[in-house]
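All values below come from the heavy atoms of this structure, side chains included, with hydrogens, waters and symmetry mates left out. Letters A, B, ... are given to chains in the order of the sequence lines, protein chains preceding strands, and every chain is numbered from 1.
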There are 2 protein chains.
Amino acid sequence: MAGTETTTRKGERTRALILETALDLFRERGYDATTMRLIAERADVALGNTYYYFRSKEHLVQAFYERVDDAQRVETAAALVHETDLKTRLRIVVRAVIEIMQPYHRFAGSLFRSAADPRSPLSPFGPESTEARRKGIPLLAEVVDGSKTWVPDDLRAELPRLLWLYQMGVVLFWIHDRSPEYVRTERLIDHTTEIVARLISLASLPVLRPLRRRTLRLLADLQVNELSLSNPV
Amino acid sequence: MAGTETTTRKGERTRALILETALDLFRERGYDATTMRLIAERADVALGNTYYYFRSKEHLVQAFYERVDDAQRVETAAALVHETDLKTRLRIVVRAVIEIMQPYHRFAGSLFRSAADPRSPLSPFGPESTEARRKGIPLLAEVVDGSKTWVPDDLRAELPRLLWLYQMGVVLFWIHDRSPEYVRTERLIDHTTEIVARLISLASLPVLRPLRRRTLRLLADLQVNELSLSNPV
DNA sequence: GTCTATAACCGGATAGAC
DNA sequence: GTCTATCCGGTTATAGAC
């Protein structure tokens with residue numbers, strides 16, 4: 001038993017080493033220029049060994065996603081405790097993702113490549129990443145719940161998913177942003193968080209009620225099906 | 001000169017042959033399973049020759065985009081002539097894209113892979129596809145202009161781009177849609193065209209004016225920069 | 001169970017001869 | 001314009017060492 005533990009620990013160290021090396025290389029040279037052979041060489045392991053721990057190059061990217069997600073939760077926790085303004089809360093969270101990914105900007109581009117393919121295990125919409133969504137969406141729920149803005153119940157139920165989508169949109173924009181220090185993305189975040197927050201407030205207005213109902217009905221409609229697809233019992 | 005013409009013509013024939021073969025194969029077996037070697041073999045040309053006409057496998061996809069775009073314009077022209085309802089006009093156009101792409105559903109997934117990568121020449125947001133946008137967006141402008149809905153001038157200027165984005169969103173949804181006969185996408189289109197049309201009507205309401213102004217200002221802001229990036233003089 | 005070494009397969013891409 | 005030969009890198013397979 002001590003033996004297994006030791007080997008397991010060694011295995012974990014090796015796994016971590018490979019991942020660290022891969023992320024370094026991704027950061028330095030992007031996705032394509034980082035060959036599996038290079039990762040193995042730099043980590044001082046055999047090529048076959050990297051495949052022992054990561055079934056494919058894309059699985060290394062999964063690990064990257066998880067990193068970002070964890071970091072986002074950790075790094076926003078403190079700031080969210082004392083903030084009650086919805087717009088500000090949203091901005092804190094969205095800015096955090098961008099800041100965390102910043103060193104990997106180039107890499108993130110090629111990365112989203114696989115993300116857009118529904119048959120890729122890395123697609124954020126596919127069943128394989130149900131867990132990633134499960135981990136990511138609650139943070140957006142917390143953004144809403146911790147704010148002083150009043151949100152009608154029916155909307156509150158769907159809002160986290162919507163905000164998660166919004167966040168994905170911002171990331172997609174940032175990936176294409178070539179402006180110095182990503183000022184365009186900054187601007188986008190500042191304006192859109194304001195717009196989103198206002199929209200949420202306005203949503204309870206009587207004039208907008210039919211629109212809101214219709215939108216929510218659509219979402220519920222689509223959601224049911226998505227869940228039954230993603231979570232076959 | 002007759003000589004050049006002949007060779008040119010022959011070149012065009014070969015090019016068309018390769019493209020046709022490639023699209024057939026894409027339709028039959030998807031992107032990955034269609035190897036460049038297979039295309040060459042089936043088209044009865046040498047592997048190197050396909051690279052003579054299409055710099056990369058991805059460039060074959062460019063050709064696919066153009067096909068879809070052209071077909072969309074042709075196939076909606078008649079229906080648009082007599083229709084003045086904004087919602088219906090929008091639905092006609094969006095449905096057309098989906099219908100045209102239908103045989104290529106599997107293929108379209110892997111296709112959007114490259115589309116999401118900003119450094120890929122296929123990214124619909126990148127400078128390389130400025131032309132694709134130039135060709136695609138006017139149809140959405142026509143959707144608005146030909147409708148009886150009154151649209152304030154400031155909004156009218158930005159609307160085509162927004163609707164184009166909306167259309168891209170629908171396509172993205174469809175790509176991930178695994179429901180039989182894509183009923184979920186059908187539903188999405190029916191509901192969202194309604195929602196979009198209502199939003200456009202509501203946009204002129206006084207309550208929504210600040211929101212609209214702010215949104216348009218953001219768009220204009222970002223647009224200026226995008227154009228200066230995409231079209232360096 | 002963890003790891004090395006090595007060879008091989010496959011497919012996208014390129015070079016250079018004809 | 002077209003071909004053959006070759007490179008390169010993701011991935012797989014094997015055989016064996018600790």
**Request:** In whole angstrom, give the distance that lies between atom CZ of A:Arg13 and atom P of C:dG1.
**Result:** 18 Å
**Request:** Treat primed atoms plus P, OP1 and OP2 as sugar-phosphate and everything else as base, then score nucleotides 7-16 of chain D 5' to 3': B for base contact with protein heavy atoms under 4.0 Å, S for sugar-phosphate contact only, - for none.
**Result:** --BBBB----
**Request:** Take atom CD of B:Glu41 and atom C1' of D:dC3, then tell me their distance rounded to the nearest Å.
**Result:** 15 Å
**Prompt:** Does the side chain of B:Thr14 get closer than 4.0 angstrom to OP1 or OP2 of D:dT2 through an N or O atom?
**Reply:** yes
**side-chain N/O A:Tyr52 vs C:dG1 OP1/OP2, d < 4.0 Å** = no
**Considering all heavy atoms, the nearest A:Glu28-A:Arg106 contact** = O-NH2, 2.5 Å
**Prompt:** A:His191: what forms a ring pair (Phe, Tyr, Trp, His ring centres under 6.0 Å) with it, not counting sequence neighbours?
**Reply:** none
**Request:** Ignoring backbone atoms, test whether B:Asn49 places a side-chain nitrogen or oxygen under 4.0 Å from the OP1 or OP2 oxygen of D:dC3.
**Result:** yes
**Asked** Where do A:Asp177 and A:Val183 come nearest, in terms of heavy atoms and distance?
**Response** OD2-N, 4.3 Å
**Request:** Kindly write out the residues that satisfy side-chain hydrogen bond (donor to acceptor under 3.5 Å, both in side chains) with A:Thr193, not counting sequence neighbours, or none if the list is empty.
**Result:** none
**Message:** Assess whether a salt bridge exists between A:Arg187 and A:Asp190, defined as any Lys/Arg side-chain N lying under 4.0 Å from an Asp/Glu carboxylate O.
**Reply:** no
**Message:** Quick check with a 6.0 Å cut-off and a 45 degree axis cone: is B:Lys57 positioned over the face of B:Tyr51's six-membered ring?
**Reply:** no
